[in-house]
Amino acid sequence: MDFAFDARTEELRGKLLAFMDEYVYPAEAVAEEQRAALASPWDTPAVVGELKAEARRQGLWNLFLPDAEHGAGLTNLQYAPLAEITGRSPHLAPTATNCAAPDTGNMEVLAQFADEQQKKQWLEPLLAGEIRSAFAMTEPDVASSDATNITTLIERDGDEYVITGRKWYISGAMNPDCKIFIVMGKTDPDGEDIRRQQSMVLVPRDTPGVTVKRAMQVFGYEDHSHGGHAEVIFDHARVPVSHLIGEEGGGFAIAQARLGPGRIHHCMRLIGMAERAIELMCRRAVSRTAFGKALAQQGVVHNWIADARVTVEQLRLLVLKTAWLMDTVGNKGAHTEIQSIKIATPRAVVDIIDRAIQLHGAGGVSQDFPLAELYASARTLMIADGPDEVHQRSLARRELKKYL
Ligand SMILES: Cc1cc2nc3c(=O)[nH]c(=O)nc-3n(C[C@H](O)[C@H](O)[C@H](O)COP(=O)(O)OP(=O)(O)OC[C@H]3O[C@@H](n4cnc5c(N)ncnc54)[C@H](O)[C@@H]3O)c2cc1C
């Protein structure tokens, strides 16, 4: 078993690490300052555009897309360590490199399932980083971790679909650059097969009947850098039938396909967040003195740092193994591992960031360190993309099946 990264991955890692040091970390404070001076906090600070131009110039662009025609053509195993590096600055680096969720998942859906016209209209500007997108599935009125519950209707009326429903926590939708929603709803609510009732349609933001109503908060944050998480109303919004993605009844299957690689991306970015927390923890521990000695000399701090390092090494191996399995045997063969990383990573990273917060005292929960925001982001990943319990349920059932 060879644990080394290949030459292409090493080359991109080197470039990306230098890009982070030279451009991304210094831009973190600048972005915050610029945002505070903007007419709306949902507009994009100028420094983000500058980072995007520089990343593109350096070839650090669309690294997530395995399709070489549209993206970098990297395997999951090659991209995973790059996602980890961008996770160290999760509010800037993924956007700077055009590798930010939910655009990544949406671009994958379009690359895989859209027709030529849809690709031209929406995939091309997304790949060029000219527009952003959102994925609208979750609804406040039903338990949306079970996608068969979705009630939004997509009704055919002549050459159009009429969309009616209420969605919330739609990431990115507060950003005015978010021009297109991929909406999941039911074209056949009474269909016999509950997994064939759903379809996905493309709904441009400016469609009459679409209202981006409000920004939902995350532990009191509005999450400006991610374009927020909006409540969106679709009130008899009409789109041509040509806006259907794939076939009627194919929504559930597309949703499943969309989530596999995304889980690797999220988990590797989480590992990057944990690395950032460990770095901050160590720097703080050696530079702060309490009761006559550096915090770094306290045994309990040794335990926190050692446990964090062990955990991160374990998680990284599991996520890389999952990426390798997806490349070699496909999403289906990597089912147990994909669920395992989704369960194990956010939980463990939340714990590491929590210790780093503790070590920083009041500073840890303040706006002067990135830890509080990292904590909020990591914690939501125990819910977003499906709550932990849903993955535990399905993993355990597969384990039990062996003994029935
Ligand atoms: C920050 C953030 C960003 C998000 N971004 C998006 C987005 O861009 N687009 C989008 O469509 N959605 C988005 N979501 C929504 C997210 O995908 C849903 O919140 C998630 O799927 C859970 O659905 P729910 O909130 O309706 O919870 P429910 O389905 O009501 O579940 C509530 C709880 O019930 C428990 N539970 C559920 N099923 C089981 C089970 N089988 N066994 C045991 N316990 C169970 C779990 O503890 C779960 O947390 C986002 C959420 C957050 C917090």
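Order of appearance sets the numbers: ligands from 1, and atoms from 1 within every ligand. Each residue takes its place number in the sequence, starting with 1.
Only side-chain heavy atoms of Arg393 come within less than 4.0 Å of ligand 1; its backbone N, CA, C and O stay farther off. Only the side chain of Thr380 comes within contact range of ligand 1, with a heavy atom under 4.0 Å; no backbone atom does. Residue Ser171 touches ligand 1 through backbone and side chain together, judged by heavy-atom distances below 4.0 Å.
Ligand 1 has a nitrogen or oxygen under 3.5 angstrom from a nitrogen or oxygen of Ser144. For ligand 1, the polar-atom distance check against Trp168 finds no nitrogen or oxygen pair separated by under 3.5 Å. For ligand 1, the polar-atom distance check finds an N/O of Met137 within less than 3.5 Å of one of the ligand's N/O atoms. In terms of polar-atom proximity, defined here as any N/O pair under 3.5 Å, Thr138 does make such a contact with ligand 1. Considering backbone and side-chain N/O of Val390, none are found under 3.5 Å from N/O of ligand 1.
Interatomic distance, OG1 of Thr152 versus CD of Gln198, reported as 11.0 Å (0.5 Å rounding).
Listed by number with element, the atoms of ligand 1 under 4.0 angstrom from any heavy atom of Asp385 are 17 (O). Proximity to His229 (heavy-atom distance under 4.0 Å) selects the following atoms of ligand 1: 1 (C), 3 (C).
Tested against Asn62 for a side chain to side chain donor-acceptor pair (under 3.5 Å), the candidates Asn98, Asp103, Thr104 yield a single pass: Asn98.
Ranking protein heavy atoms by distance to atom 23 (O) of ligand 1, first place goes to Ser145 N, 3.3 Å. The protein non-hydrogen atom at the shortest distance from atom 45 (C) of ligand 1 is Glu389 CB, 3.8 Å. Ranking protein heavy atoms by distance to atom 14 (N) of ligand 1, first place goes to Tyr169 O, 3.6 Å.
Residues in residues 363-376 take part in no salt bridge (Lys or Arg N to Asp or Glu O under 4.0 Å) pair, two or more places apart or across chains.
Distances from atom 49 (O) of ligand 1 to the heavy atoms of Pro387, Ala384, Ala101 put Pro387 nearest.
Of all the heavy atoms in Met20 and Ser89, the pair that sits closest is CE-CB, 3.8 Å. Taking all atoms of both residues into account, the shortest heavy-atom contact from Met326 to Asn76 is CB-ND2, 3.8 Å.
In this structure, Pro102 does not count as a contact residue of ligand 1, since none of its heavy atoms falls inside 4.0 Å of the ligand. Within the structure, ligand 1 has Val142 among the residues with a heavy atom less than 4.0 angstrom away.
Note on ring orientation: taking the six-membered ring where Trp is involved, the planes of Phe234 and Phe181 are perpendicular (angle over 60°, cut-offs 30° and 60°).
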